[in-house]
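Report on the following structure.
Nothing here was measured: the structure is a model prediction, and the numbers come from that model. Both counts, for ligands and for their atoms, begin at 1 and track the order of listing. Side-chain atoms are counted along with the backbone in the values below, which use heavy atoms only and exclude waters and symmetry mates.
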Amino acid sequence: MMKTQCVVMASEGADESQVDRANGIDVRGVEVRFANGFYGLKQSSLTIEPGSFCTLLGPSGSGKTTLLRTIAGLLTPSAGKISIGSNEVTNLPVQARNIGFVFQNYALFPHMTVLQNIEYPLKLHKWPQDDRRRRVHEILDLIELPHVADRAVGDLSGGQQQRVAIGRALVYHPALLLLDEPMGALDRRLRQQLGADLREIQQRTGITTVYVTHDQEEAFILSDKVAIMDGGEILQYDTPAELYFRPNSRFVARFLGEANIVEVKKLSAAADGRVSATTRLGEVLLKSVISHVDEGASRSIVLRPEDLILKTSNQAGPEQASPIPVKIVKELFLGSRCLVTVSDPAGDALLIECTRAQVPSPGSDVWLTWNLASAVLIDR
Ligand SMILES: Nc1ncnc2c1ncn2[C@@H]1O[C@H](COP(=O)(O)OP(=O)(O)O)[C@@H](O)[C@H]1O
Ligand SMILES: [Mg+2]
């Protein structure tokens with residue numbers, strides 16, 4: 001059975017009229033050092049827009065839970081400041097932060113009904129019965145479970161249980177909704193459904209939401225902005241499209257799908273204020289104009305497999321890179337697309353994604369090009 005817990009941490013005496021459901025979050029230079037001296041979070045800053053959906057995305061151990069628990073007040077930072085709305089909360093205890101929290105691994109009260117589970121935080125805060133019932137029914141409508149209100153939670157599916165957990169986290173009008181891998185135990189189809197439901201609930205309530213996952217697709221579907229984390233650091237914080245098309249580091253480029261990463265040996269000025277990079281693929285002209293060329297920086301170029309173009313002639317189109325002769329090493333047919341591995345003049349492999357019709361027939365000479373705008377320069 002799916003285990004789920006929602007902890008409701010709401011401030012005493014908050015009522016509907018006082019609740020500002022569009023609180024932003026500001027994390028400024030926050031650092032978390034554990035008792036054993038290990039830094040779970042290194043100096044990190046993050047501004048989450050009021051009413052937006054932000055996801056912390058990174059591999060296991062990257063510090064996602066540490067950052068989320070610090071925002072909640074379950075961990076105390078060793079440096080830095082956290083504000084919710086216009087209030088600094090760095091030293092406020094968890095109960096005073098008015099936060100709804102949903103985790104993966106803790107149980108709702110399985111023998112209580114859906115209604116009783118959702119009502120629980122309101123009882124704890126001694127709401128009068130009429131007000132409780134009215135609010136619980138609003139939540140049941142929001143999570144689209146009014147028809148199972150009187151069923152025991154333990155009899156529901158995993159996805160339904162997580163909707164109850166989300167409902168219970170929202171019942172007390174929290175200022176923020178924080179979720180830590182809430183769909184980790186669900187199968188793929190249920191995750192997609194619950195993800196869509198969660199996004200709709202978030203948009204209808206307008207509650208500022210921070211969501212933790214290690215699943216890139218989930219992060220991209222749900223979020224306004226995503227913070228990519230690794231080794232206790234936020235490497236990049238941006239919209240999904242910016243992260244994908246303008247990664248700022250090798251790690252981000254590789255973490256978000258396939259990427260060909262080509263080391264830059266030298267950067268030099270080219271015509272029209274553009275930049276030319278010397279690489280194993282020869283001189284690569286970059287569309288991006290950079291104002292400052294730091295000689296010492298170790299830079300690379302990212303070329304996404306779907307941006308690489310295979311041709312049977314060495315004629316470049318307008319705004320395309322000079323074609324490079326390559327050899328096809330491997331072709332993987334995946335149905336709607338093919339993944340082709342080629343070897344470049346230096347003997348290194350490059351991955352190309354195309355349709356089957358775009359794969360040159362065996363024995364033909366093959367060249368590789370790309371639209372200049374698709375090559376991204378990164379400096380980490
Ligand atoms: N209480 C603790 N004491 C020492 N190290 C911890 C503690 N909690 C977490 N860590 C370590 O901090 C790092 C980040 O953990 P966590 O934030 O849970 O990662 P994530 O949620 O991204 O998987 C991990 O290396 C983890 O082992
Ligand atoms: Mg975690």
Side-chain angles (χ1 to χ4, degrees), residues 2-7 9 25-46 48 53-82 89-91 93-94 97 99-107 158 161-162 165-166 169 176-188 191 194-195 198 209-223 225-238 240 243 247-257:
M2 171 74 197
K3 283 180 158 182
T4 287
Q5 183 194 42
C6 115
V7 176
M9 298 173 275
I25 305 170
D26 191 57
V27 173
R28 256 329 91 199
V30 169
E31 182 182 277
V32 177
R33 187 173 185 267
F34 293 116
N36 63 1
F38 182 82
Y39 284 88
L41 191 67
K42 296 172 192 160
Q43 283 268 331
S44 298
S45 296
L46 186 69
I48 300 172
F53 196 117
C54 165
T55 294
L56 310 179
L57 173 67
S60 175
S62 57
K64 307 180 297 293
T65 295
T66 302
L67 176 53
L68 197 74
R69 290 173 69 86
T70 309
I71 293 171
L74 292 162
L75 287 173
T76 309
S78 38
K81 284 204 304 199
I82 296 181
V89 299
T90 319
N91 297 309
V94 61
R97 293 193 191 191
I99 286 171
F101 213 144
V102 182
F103 302 104
Q104 178 192 330
N105 292 317
Y106 297 86
Q161 290 193 28
Q162 269 309 34
I166 292 165
L176 306 177
L177 179 61
L178 307 183
L179 306 102
D180 194 349
E181 310 233 17
M183 316 213 270
L186 305 180
D187 68 39
R188 191 172 176 77
R191 287 159 69 133
L194 187 66
L198 175 62
T209 300
V210 189
Y211 185 90
V212 165
T213 183
H214 59 268
D215 183 314
Q216 181 220 326
E217 197 175 292
E218 203 166 280
F220 274 28
I221 291 170
L222 289 171
S223 319
K225 278 190 171 185
V226 178
I228 308 287
M229 298 191 69
D230 187 42
E233 284 184 277
I234 298 170
L235 298 185
Q236 192 172 359
Y237 175 53
D238 228 319
L243 290 170
N248 69 359
S249 56
R250 291 172 211 217
F251 181 88
V252 172
R254 287 217 174 95
F255 195 68
L256 305 177

By number and element, which atoms of ligand 1 are closer than 4.0 Å to a non-hydrogen atom of Ser62? 19 (O), 20 (P), 22 (O)
As a test of understanding, state which of Leu235, Asp230, Leu57 forms a side-chain contact (heavy atoms from CB on, under 4.5 Å) with Phe255. Leu57
Under 4.0 Å from atom 2 (C) of ligand 1, do we find at least one protein heavy atom? yes
Among all the protein's non-hydrogen atoms, which is closest to atom 15 (O) of ligand 1, and how far away is it? Thr66 OG1, 3.7 Å
Specify whether an N/O/S atom of Thr65 falls short of 2.8 Å from the Mg ion (ligand 2). yes
So, the side chain of Thr55 versus the backbone of Ser223: is there a donor-acceptor pair under 3.5 Å, distance only? no
Does Gly232 come within less than 4.0 Å of ligand 1, judged by its heavy atoms? no
Would you verify that at least one protein heavy atom lies under 4.0 Å from atom 20 (P) of ligand 1, or report that none does? yes
Min heavy-atom dist Gly63 to ligand 1 below 4.0 Å: yes
Note the single closest protein heavy atom to atom 10 (N) of ligand 1, along with its residue, its atom name and the distance in Å. Phe34 CE1, 3.4 Å
For Phe38, atoms of ligand 1 separated by under 4.0 Å from a heavy atom: 11 (C), 12 (O), 13 (C), 25 (O)
Proximal atoms of ligand 1 relative to Ser60 (non-hydrogen, under 4.0 Å): 23 (O)
Please find the pair of heavy atoms, one from Leu194 and one from Gln162, that lie closest to each other, and give the distance. CD2-CB, 3.5 Å
Honestly, is Lys225 close enough over Tyr237, meaning NZ or CZ under 6.0 Å from the six-membered ring centre and within 45° of the axis? yes
At their closest point, which heavy atom of Ala227 faces which heavy atom of Ile234, and how far apart are they? CB-CG2, 4.0 Å
Name the option, out of Thr65, Leu41, Leu67, that contains the heavy atom nearest to atom 18 (O) of ligand 1. Thr65
For the residue pair Thr213 and Glu218, confirm or rule out a side-chain donor-acceptor distance under 3.5 Å. yes
Mode of Val212 contact toward ligand 1 - side chain, backbone, both, neither (heavy atoms, under 4.0 Å): neither
Keeping Lys64 on the side-chain end and Pro59 on the backbone end, is there a donor-acceptor pair under 3.5 Å? yes
With a 4.0 Å cut-off on N to O distance, would you call Arg191 and Asp215 a salt bridge? yes
Under a 4.0 angstrom heavy-atom cut-off, which atoms of ligand 1 come close to Asn36? 4 (C)
Is there a donor-acceptor pair under 3.5 Å between the side chain of Thr209 and the backbone N or O of Phe53? no
At under 4.0 Å between heavy atoms, what of Pro59 touches ligand 1? The answer is backbone
side-chain contact (heavy atoms from CB on, under 4.5 Å) between Leu56 and Leu46, intermediate numbers included: CA-CA 11 Å; Leu56 310 179; Leu46 186 69; 4.2 Å; yes
Do any N/O atoms on Gly61 end up under 3.5 angstrom from N/O atoms on ligand 1? yes
